[in-house]
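Atoms within each ligand, like the ligands themselves, are counted from 1 in listed order. Note that this is a predicted model, so its numbers are computed, not measured.
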Amino acid sequence: MTPSTLAHEEWGSGEPVVLLHGFPFHRGQWRALGSELGRHVRVIAPDLRGFGGSAFTDMVAGRAWTMEQHADDVAALLDALAIRGPVTLFGFSMGGYVALAFLRRHGARVGALGLINTRAIADSQEAAAGRAALAAKALAEGPGPVIEAMLPRLLAPQTLAKRPEVAAAVRALMEVAPREGIAASLRGMALRADSNELLPRVGVPTLVVVGEHDAISSPTEMAGIAQAIPGARFTQLPAAGHMTTHEAPAELARASLDFLRSL
Ligand code: MLT
């Protein structure tokens, strides 16, 4: 069985802002930003297919959930919510890959874009092979191997050393990830398209955010994304790694609100 509509959480009212979480998280990643933005706009945070309340276990061996499938799920959710006009779409990391796929497939439904700690390039062969191996491990063992592989790269060295509560919160988000969802999205990310050709054609206001010490989507790479998108604003958050939602929540909220006010 597949979910007909993604589970989701909402805050506030007004202009719709959709927040797409990263891998292997769930909508809970957005709790701080969602409640803050919800004082000004209507925030909608879905659980992407395979995670949180959108988890299901009809796993067939080798299944991949592509970024296009996730994007179409988000479009179906907007249909179900009767949101026909353009939305502001924020995507964090894998959520950014989904946001770019959404832009390609449902471009008329995007009024503004937020690319948070994400990448435009496709996986190298080596990265794709690593994801395939990790998917097999996660199916056999659950989220443990993914957590051990990812946690040191998700957080800035000073966060790992001095902010155990942040590391614990990020770990808790991952511990509940179902093994089927992990495997299918890992395989889907390995199949994702290179989005670099899309960037100069992004015709909507765009915010690009990175953490100063992001080891997954580096400041240099994200500055390049911002440069390639006409008129994009680029914000680098000091002292944060990849998990700006948790390492710099106040700064991320400020950058997001400034951007929303500029629209
Ligand atoms: C994420 O945070 O969503 C992942 O790091 C994305 C990825 O593995 O490419």
Looking at His246 and Ala169, what are the two nearest heavy atoms and their distance?
CD2-CB, 4.0 Å
Suppose I only count heavy atoms of His242 and a 4.0 Å limit; which atoms of ligand 1 are within that range?
1 (C), 2 (O), 5 (O)
Hey, quick one: are Ile216 and Phe25 part of the same hydrophobic cluster, counting side-chain heavy atoms closer than 4.5 Å, chains of contacts allowed?
yes
Contact between ligand 1 and Met243 is defined here as a heavy atom of the residue under 4.0 Å from a ligand atom; is it met?
no
Ligand 1 to Phe92, heavy atom cutoff 4.0 Å, flagged ligand atoms 2 (O)
Salt bridge or not for Arg49 and Asp72, using N-O below 4.0 Å?
no
Mind telling me whether His70 and Trp65 have parallel, tilted or perpendicular rings, with 30° and 60° as the class edges?
perpendicular
Is Met189 in polar range of ligand 1, meaning some N or O pair under 3.5 Å apart?
no
Met150 near ligand 1, heavy-atom distance under 4.0 Å?
yes
Of the protein's non-hydrogen atoms, which lies at the shortest distance from atom 8 (O) of ligand 1, and what is that distance?
Arg131 NH1, 2.9 Å
Tell me, do Arg27 and Leu48 make a side-chain contact under 4.5 Å, heavy atoms counted?
no
Could you tell me whether some N/O pair between Arg192 and ligand 1 is separated by less than 3.5 angstrom?
no
Atom indices of ligand 1 within 4.0 angstrom of Tyr97 heavy atoms, with elements:
6 (C), 7 (C), 9 (O)
Atoms of ligand 1 less than 4.0 Å from Ile216 heavy atoms?
5 (O)
Could you check whether Arg63 pairs with Glu180 (Lys NZ or Arg NE/NH1/NH2 to Asp/Glu carboxylate O, under 4.0 Å)?
no
Does Ser218 reach the main-chain N or O of Ala215 with its side chain, forming a donor-acceptor pair under 3.5 Å?
no
Check ligand 1 against Gly22 and write out every atom of the ligand that is under 4.0 Å from a heavy-atom position of the residue.
3 (O)
Among Val110, Val98, Thr206, whose side-chain contact (heavy atoms from CB on, under 4.5 Å) with Leu103 holds?
Val110
What protein heavy atom is closest to atom 4 (C) of ligand 1, reported as residue, atom name and distance in Å?
Ser93 OG, 3.3 Å
